[in-house]
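Take a look at the structure set out below.
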Amino acid sequence: MDYAIIGIIIGFVMGLTGSGGALVAIPLFISILGLSLKEASVFSLVAVSLASFINYIDQRKFADLHLAWLVFVGSIIGSFSFKPIKERSPEILLGFLLAIISIYALYSVWRKKKSLENGVTQFSFIKTLILGFFLGGLTTMTGLGGGVLLMPIFLSFFYLSEKKAVATSLLTISVSSLFSLIIQYEDIQLTPSLIQLGLLVIGIVAAIIVLKLMLRKINPEKISIARKLLFSLVVAFAFSKIF
């Protein structure tokens with residue numbers, strides 16, 4: 001049942017915030033499976049890619065497909081480029097990167113943003129590829145899906161609405177995390193069985209169903225506050241377990 005519980009937590013966090021799944025998954029895998037930080041950073045990609053894709057299916061009508069796939073193309077290059085760097089990096093460096101990214105993301109979540117609810121997304125082809133490159137590097141180095149950076153960027157620089165930013169983030173995370181997992185798969189010493197993966201999926205789906213029912217009854221402004229509070233709790237939890 002451990003995998004089902006992990007799935008519920010990750011699915012709920014990613015469904016509501018569009019990010020933060022790995023910040024929950026990594027400390028859970030360290031605590032429950034006894035993995036090292038470097039191993040957990042790879043293992044978490046299994047959960048994050050599953051959770052983000054399942055959540056995306058439920059919110060796909062809001063996603064900006066052009067933006068998501070362009071970022072993914074850049075992430076392919078970033079994943080390949082950073083893989084040998086990760087292999088030579090000490091765990092203290094990975095922990096430091098997690099800390100810096102988490103603090104920045106927490107600041108970005110709470111600061112005021114400009115967004116265009118029905119606006120047209122405008123972005124530079126080169127700059128978006130560069131964003132994807134660093135996303136791929138981040139995902140490979142830390143095991144984070146990248147939503148902790150994508151959400152603030154989609155909201156503050158691409159001026160997406162919150163719903164559109166969450167859906168686009170979920171799609172981008174699912175494909176970039178899966179690709180990063182594939183190129184690092186040989187580094188996983190403990191691979192989940194089909195039963196464990198099934199429990200993980202069941203937990204994620206259950207969280208999505210419950211979350212969807214809850215969101216129908218909650219005022220949009222309260223949902224936005226809930227996203228910020230939940231993400232803050234996720235960061236605090238990650239710090240307490242990893243550091």
Side-chain angles (χ1 to χ4, degrees), residues 14 17-23 25-26 37-38 40-53 56 63-109 113 121-160 164-188:
M14 294 201 71
T17 69
S19 61
L23 283 176
I26 290 174
L37 177 57
K38 189 173 286 189
S41 70
V42 179
F43 205 86
S44 70
L45 294 173
V46 177
V48 171
S49 57
L50 281 172
S52 55
F53 182 72
Y56 163 72
D64 188 319
L65 299 180
H66 186 194
L67 176 58
W69 287 107
L70 189 56
V71 173
F72 171 60
V73 170
S75 75
I76 293 175
I77 304 171
S79 293
F80 274 118
S81 300
F82 280 84
K83 184 177 184 293
I85 298 175
K86 179 179 181 178
E87 292 172 349
R88 295 173 175 80
S89 299
E91 288 200 357
I92 190 172
L93 175 60
L94 304 187
F96 178 75
L97 288 174
L98 282 169
I100 294 298
I101 293 166
S102 299
I103 292 171
Y104 168 75
L106 192 59
Y107 160 75
S108 299
V109 162
K113 311 174 185 68
T121 306
Q122 297 181 356
F123 51 88
S124 162
F125 179 82
I126 298 299
K127 289 181 179 179
T128 307
L129 283 179
I130 292 174
L131 168 62
F133 174 82
F134 284 108
L135 170 67
L138 166 73
T139 302
T140 298
M141 287 291 291
T142 67
L144 297 178
V148 291
L149 289 183
L150 284 180
M151 280 298 292
I153 290 173
F154 285 163
L155 288 167
S156 300
F157 295 98
F158 291 94
Y159 301 113
L160 300 185
K164 200 168 186 178
V166 169
T168 306
S169 175
L170 289 170
L171 174 58
T172 309
I173 292 167
S174 66
V175 291
S176 63
S177 296
L178 179 60
F179 183 80
S180 183
L181 172 64
I182 290 171
I183 68 171
Q184 297 184 81
Y185 191 78
E186 61 185 21
D187 298 330
I188 303 179

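None of these values were measured; they are calculated from a predicted model.
- Every residue two or more places apart in sequence or in another chain that forms a ring-ring contact (aromatic ring centres under 6.0 Å, His included) with F80 is listed here: F179.
- Shown here are the side-chain contact (heavy atoms from CB on, under 4.5 Å) partners of I85, two or more places apart in sequence or in another chain: F82, S89, M141.
- Across T168 and L160, no two heavy atoms sit closer than the pair OG1-CD1, 4.1 Å.
- When all heavy atoms of Y56 and A63 are compared, the closest pair comes out as CE1-CB, 3.6 Å.
- I130 is linked by a side-chain contact (heavy atoms from CB on, under 4.5 Å) to I126, F134, counting only residues two or more places apart in sequence or in another chain.
- Under the side-chain contact (heavy atoms from CB on, under 4.5 Å) criterion, S75 pairs with F72, L135, S176, not counting sequence neighbours.
- Atoms CG and CZ, from L93 and R88 in turn, are 13.5 Å apart once rounded to the nearest 0.5 Å.
- Here the closest heavy-atom approach between residue S81 and residue F133 is recorded as OG-CE1, 3.6 Å.
- We find the CZ-CD1 distance between F53 and I173 to be 13.5 Å, quoted to the nearest 0.5 Å.
- When every heavy atom of L129 is checked against every heavy atom of V73, the shortest pair comes out as CD2-CG1, 4.0 Å.
- Note that CG of D64 and CZ of F158 are 9.0 Å apart. Values are rounded to the nearest 0.5 Å.
- By the side chain to side chain donor-acceptor pair (under 3.5 Å) test, S79 is found to be paired with T140, residues two or more places apart in sequence or in another chain being considered.
- Here the straight-line distance linking atom CG of L70 with atom CG of L131 works out to 9.0 Å at 0.5 Å rounding.
- With rounding to the nearest 0.5 angstrom, the CG atom of L138 is 8.5 Å from the CG atom of L98.
- Contacts of S49 classified as side-chain contact (heavy atoms from CB on, under 4.5 Å), with partners at least two apart in sequence or in another chain: S177, L178.
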